[in-house]
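Keep in mind that what you see is a predicted model, and the values were worked out from it rather than measured. Order of listing sets the numbers, starting from 1, for every ligand and every atom in it.
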Amino acid sequence: FDKNDDGFIDKEEFTFCWNHWIKVIVRPVNAFLIVDVQNDFISGTLNISKCNAQQDGSEVVEPINRLLETVPFDCVFYSLDWHPPDHVSFIDNVHLRELHVSSPVSADKAQAYDTVVFAGPPPMRQRLWPRHCVQDTWGAELSNDLKVVDGAVKVYKGTNSEVDSYSVFWDNKKLTDTNLSLQLRNRGATDIYICGLAYDVCVGATIADALAIGYRAVLIDDASRGVDLADIEKTKATIINNHGVIVTSDQVLAMV
Ligand code: VGL
Ligand code: ZN
């Protein structure tokens, strides 16, 4: 600071600098994470509208596009469920691996959406799904209607045949990090806005990890659709209990 004739710091200059720096210091760095808005979940083999909650996955596209066009997020991430053909979560692969004696269902009786226990070691609980989001297939592509902004980063998960990955941060056994946490750290992110498919599966697991890491995490309710109504309610309760925030896309738009 320049000193005045009386030897004191100029008050106007000090106030200007303080106001500038305090804004820099407390300014949030907002990341937008769009989870698994892929063809298979909307109209393909794991079409969530055929699941218990009967929600239409395509309905997330419009609010997400509106947010992308209106809100100046500091960084945007798109995650993709990206499985190899022999992935452990596919019902038609259940015979490829041995089940543990404690498995509630045998390989011969198992159907899509059942939970089994694979032998391991260690034993591993796994919900079985129809074959979906196989790498480099149409079903794994992002919805054609979804806006993809310049400079956005794509994060691929579920690429290890032997372990499923619901969270965009880590696989279900926390063996491997997807690189999302490093990318968020590099950008100095403080707040993460999360939405997409499926509310009670990958969106829920991702926001739980974001909160556990210590991010301020915000779930955009009307930009998410899920599989099971009871599980969606459990997901919301977990978010609230862990000091996350649930908002509508209109509330996010109103902040601009
Ligand atoms: C998902 C089931 C299986 C999801 C991924 O993206 O929510 N759900 N794989
Ligand atoms: Zn999957």
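Taking the six-membered ring where tryptophan is involved, the planes of Tyr215 and Phe169 are essentially parallel, since the angle between them stays under 30° and well short of 60°.
Neither side chain, Asp200 nor Thr235, offers a donor N or O lying under 3.5 Å from an acceptor on the other. For the residue pair Ser167/Asp209, the side-chain donor-acceptor check at 3.5 Å is satisfied. His87 and Asn93 share no donor-acceptor pair across their side chains, judged by distance under 3.5 Å alone. Judged purely by distance below 3.5 Å, without hydrogens or angles, the side chains of Ser79 and Asp36 pair a donor atom with an acceptor atom.
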Test ring pair (Phe, Tyr, Trp, His ring centres under 6.0 Å) on Trp129 and Tyr113 and set out the steps.
CA-CA 5 Å; Trp129 304 96; Tyr113 308 103; 5.7 Å; yes
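For the pair Glu162 and Lys173, the salt-bridge criterion is not met [side-chain N within less than 4.0 Å of a carboxylate O].
By the side-chain hydrogen bond (donor to acceptor under 3.5 Å, both in side chains) test, Ser49 pairs with Asn47, sequence neighbours left out. Partners of Gln183 under the side-chain hydrogen bond (donor to acceptor under 3.5 Å, both in side chains) rule, at least two apart in sequence or in another chain, are Arg187.
Only protein N, O or S atoms were considered, and those under 2.8 Å from the Zn ion (ligand 2) are Asp81 OD2, His83 NE2, His132 NE2.
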In a simple table, one pair per line, please give the protein and ligand 1 atom names for every N or O pair closer than 3.5 Å, along with the distance.
unit_1   : atom_1 : unit_2 : atom_2 : d
ligand 1 : 6 (O)  : Asp36  : OD2    : 2.6
ligand 1 : 7 (O)  : Ala198 : N      : 2.9
ligand 1 : 7 (O)  : Cys202 : N      : 3.2
ligand 1 : 9 (N)  : Asp81  : OD2    : 3.0
ligand 1 : 9 (N)  : His132 : NE2    : 3.0

